[in-house]
Amino acid sequence: MLTTAPRGTMDILPAQAAKFQHVENVFRTLCRQANFQEIRTPMFEHSELFNRAVGEQTDIVQKEMYTFLDRSERSLTLRAEGTAPVARAFIEHGIYAQAQPTKYYYIAQIFRYEKPQQGRLRQHQQCGVEFFGTRHPYADVEVISLAYRFYRQLGLRQFDLLLNTIGCPECRPAYRQALTEFLGSRLQHLCPDCQSRFERNPMRVLDCKQEACQAFLQDAPTPVDYVCPSCAEHYQQVKEGLTALGIEFKENPRLVRGLDYYTNTAFEFYSYHIGAQGAIGGGGRYDGLVESCGGPATPGVGFGIGTERLIMALEAEGVTFPAPPAVDVFIAALGSQAEARALTLLGELRKADLIAEFDLMGRGLKAQMKQASRLGAKRVVVLGDNELERGVAIVRNMSSGEQTEVSLGELANYLR
RNA sequence: GUGGGUGUAGCUCAGUUGGCUAGAGCACCAGAUUGUGGCUCUGGGGGUCGUGGGUUCGAGUCCCAUCAUCCACCCCA
């Protein structure tokens, strides 16, 4: 217990951390190009924020949040989701009063009390964006195309973009009515899960994975059939915008998102190579969110992309990550005098922007060479009493085996 | 929350119908000419066999419980 990470969490060791860094670097670069600014919100929020924003009846709020009381009996919740905290900050800092739109990106840890399995953790990371202040369908296109470019830029090829519209508060009641009537009449034929979904959130019945249910749902009404003219127009323009950018998508009228705040556009990116949890990113429009959190009515659209799942998908497709830089110079010092000189030498080399390392394990020369080799050192500086007396050092090229003598004063220059 | 699989060295695993001081490969340390890595050879260190009970003359092997982990359902990234 003491020596294992908590369930559903994992240590990201250097080899893996390098992959995260690469993914994050690409993400930051693309965000910068598209003029999204970084925002960092707290790792925990008042529980009420998630309850309200995500929806009391959602699975996240019902059973997946890390909620606790602090020492002042305030109910706090570890960030269960990326959008709500950004919306909260948007309101708290009066950003709605500035010129719109505002575009944010974040790289943040998300916490959910789930039962772990492949691609599903209790702490995971998301790269996400939130785009506030405009209902323009091209904002949706900007957001979706950013995610799309992110995947492509990293080298991901085999993934689908699923697209749907789920209407707005104007047109949803009519749809809800039709769906409820449809489902109500054949409730006894649906699986127990669907029966409970019917009570809590009828739209979620649509994407039940049970074949028997899907058979009964063949003729079920879908949101697209009921959207109002303006929602239909919005959806149409999103599709045209994506097409204009050469982004392929698959319309899926059954795609429904599990968070209450979504309106209109809903999308999901899916990889089929990483097990059952194939959703590598998802998002949509949330025009009612800011208002429901206590701010002025403000439209928004965004996505969240799971970094761990993304890396899994990349690896499944055999995408290689850039190798982390190897050690440039290893100083092999012999004896305490040389060791002392090596210490100051290291500083000089590092100042010259070289990755420099030496031995602190009291190894002999042979073992130091081995260590240097293990670290992938390109060159080794051998420094013993002989060299020290003459103010020089031997520089060995580890790939060719060639050795030359260089004066200590020239060393940094020579190695650079 | 439900179901199934798996827990032996740092890692990947072997361990015969229960039977000697629990093994291999990799990794680590040392040596093979005095101050030179990779390859090879030799030697060495390292294991509460997940944990706790039980059965037995005897348990890594069988039984129970528990914990952890993996996979799937639910749901999501």
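We name chains A, B, ... by the order of the sequence lines, and we start the count at 1 in each one. Keep in mind that what you see is a predicted model, and the values were worked out from it rather than measured.
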Check every strand shown and say whether [X] touches a base, only sugar-phosphate, or nothing at a heavy-atom separation below 4.0 Å.
{"X": "Ile394(A)", "answer": "base"}
{"X": "Gln109(A)", "answer": "nothing"}
{"X": "Gly128(A)", "answer": "nothing"}
{"X": "Ala276(A)", "answer": "sugar-phosphate"}
{"X": "Gln368(A)", "answer": "nothing"}
{"X": "Leu334(A)", "answer": "base"}
{"X": "Leu121(A)", "answer": "base"}
{"X": "Glu64(A)", "answer": "sugar-phosphate"}
{"X": "Gly275(A)", "answer": "sugar-phosphate"}

For [N], give its Watson-Crick or G-U wobble partner with both distances under 3.5 Å, or none.
{"N": "G58(B)", "answer": "none"}
{"N": "C76(B)", "answer": "none"}
{"N": "U17(B)", "answer": "none"}
{"N": "U69(B)", "answer": "G5(B)"}
{"N": "U12(B)", "answer": "A24(B)"}
{"N": "A30(B)", "answer": "U42(B)"}

Could you tell me how far [M] sits from [N] if I compare only their [atom1] atoms? Round to whole Å.
{"N": "A14(B)", "M": "G25(B)", "atom1": "C1'", "answer": "11 Å"}
{"N": "C41(B)", "M": "G5(B)", "atom1": "P", "answer": "42 Å"}
{"N": "C62(B)", "M": "G19(B)", "atom1": "P", "answer": "11 Å"}
{"N": "U6(B)", "M": "A59(B)", "atom1": "P", "answer": "23 Å"}
{"N": "G44(B)", "M": "U17(B)", "atom1": "C1'", "answer": "37 Å"}
{"N": "G50(B)", "M": "U69(B)", "atom1": "C1'", "answer": "10 Å"}
{"N": "C11(B)", "M": "C57(B)", "atom1": "P", "answer": "37 Å"}
{"N": "U48(B)", "M": "C28(B)", "atom1": "P", "answer": "22 Å"}

Contact under 4.0 Å: [X] side-chain N or O vs [N] OP1/OP2:
{"X": "Arg112(A)", "N": "C75(B)", "answer": "no"}
{"X": "Lys366(A)", "N": "U36(B)", "answer": "no"}
{"X": "Arg374(A)", "N": "C29(B)", "answer": "yes"}
{"X": "Gln117(A)", "N": "C73(B)", "answer": "yes"}
{"X": "Arg363(A)", "N": "C29(B)", "answer": "yes"}
{"X": "Gln277(A)", "N": "A77(B)", "answer": "no"}

Tell me whether the guanidinium CZ or amine NZ of Arg28(A) lies under 6.0 angstrom from the six-membered ring centre of Tyr105(A) and within 45° of its axis.
->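 No.
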Look at the side chain of Arg309(A) and the base of C76(B), then say whether one donor and one acceptor between them are separated by less than 3.5 Å.
-> yes
Is the base of G35(B) touched by the side chain of Glu387(A) through a donor-acceptor pair closer than 3.5 angstrom?
->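 For Glu387(A), whose side chain was compared with the base of G35(B), there is a donor-acceptor pair (under 3.5 Å).
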Indicate yes or no: does [X] engage [Y] in a salt bridge with an N to O separation below 4.0 Å.
{"X": "Glu38(A)", "Y": "Arg40(A)", "value": "yes"}
{"X": "Arg416(A)", "Y": "Asp353(A)", "value": "no"}
{"X": "Lys19(A)", "Y": "Glu315(A)", "value": "yes"}
{"X": "Glu45(A)", "Y": "Arg88(A)", "value": "yes"}
{"X": "Arg379(A)", "Y": "Asp328(A)", "value": "no"}
{"X": "Arg396(A)", "Y": "Glu405(A)", "value": "no"}

Counting side-chain heavy atoms from CB outward, which of [options] is closest to [X]?
{"X": "Asp59(A)", "options": "A72(B), C76(B), C75(B)", "result": "C75(B)"}
{"X": "Val382(A)", "options": "U36(B), G1(B), C75(B)", "result": "U36(B)"}
{"X": "Glu114(A)", "options": "C71(B), C75(B), G38(B)", "result": "C75(B)"}

For Gly362(A) and for Ser373(A), locate the closest nucleotide of RNA chain B by heavy-atom distance; then report the residue assigned to the nucleotide nearer the 5' terminus.
->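 By nearest-heavy-atom nucleotide position, the 5'-most residue is Gly362(A).
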First of Lys115(A) and Glu81(A) reached from the 5' end of RNA chain B, by closest nucleotide =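 Taking each residue's closest nucleotide, the earlier one in sequence belongs to Lys115(A).
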How many whole angstroms separate atom [atom1] of [X] from atom [atom2] of [N]?
{"X": "Asp11(A)", "N": "G10(B)", "atom1": "CG", "atom2": "C1'", "value": "15 Å"}
{"X": "Met369(A)", "N": "G31(B)", "atom1": "CE", "atom2": "P", "value": "15 Å"}
{"X": "Met312(A)", "N": "C70(B)", "atom1": "CE", "atom2": "P", "value": "11 Å"}
{"X": "Leu310(A)", "N": "A77(B)", "atom1": "CG", "atom2": "C1'", "value": "10 Å"}
{"X": "Phe111(A)", "N": "A77(B)", "atom1": "CZ", "atom2": "C1'", "value": "14 Å"}
{"X": "Arg79(A)", "N": "C76(B)", "atom1": "CZ", "atom2": "P", "value": "20 Å"}
{"X": "Ile280(A)", "N": "C75(B)", "atom1": "CD1", "atom2": "P", "value": "20 Å"}
{"X": "Leu365(A)", "N": "C29(B)", "atom1": "CG", "atom2": "C1'", "value": "17 Å"}

Rounded distance [0.5 Å steps], OG1 in Thr67(A) versus OH in Tyr113(A) =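 One finds 12.5 Å between OG1 of Thr67(A) and OH of Tyr113(A).
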Atom CG of Asp70(A) with >12 non-hydrogen neighbours under 6.0 angstrom =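 Enclosed.
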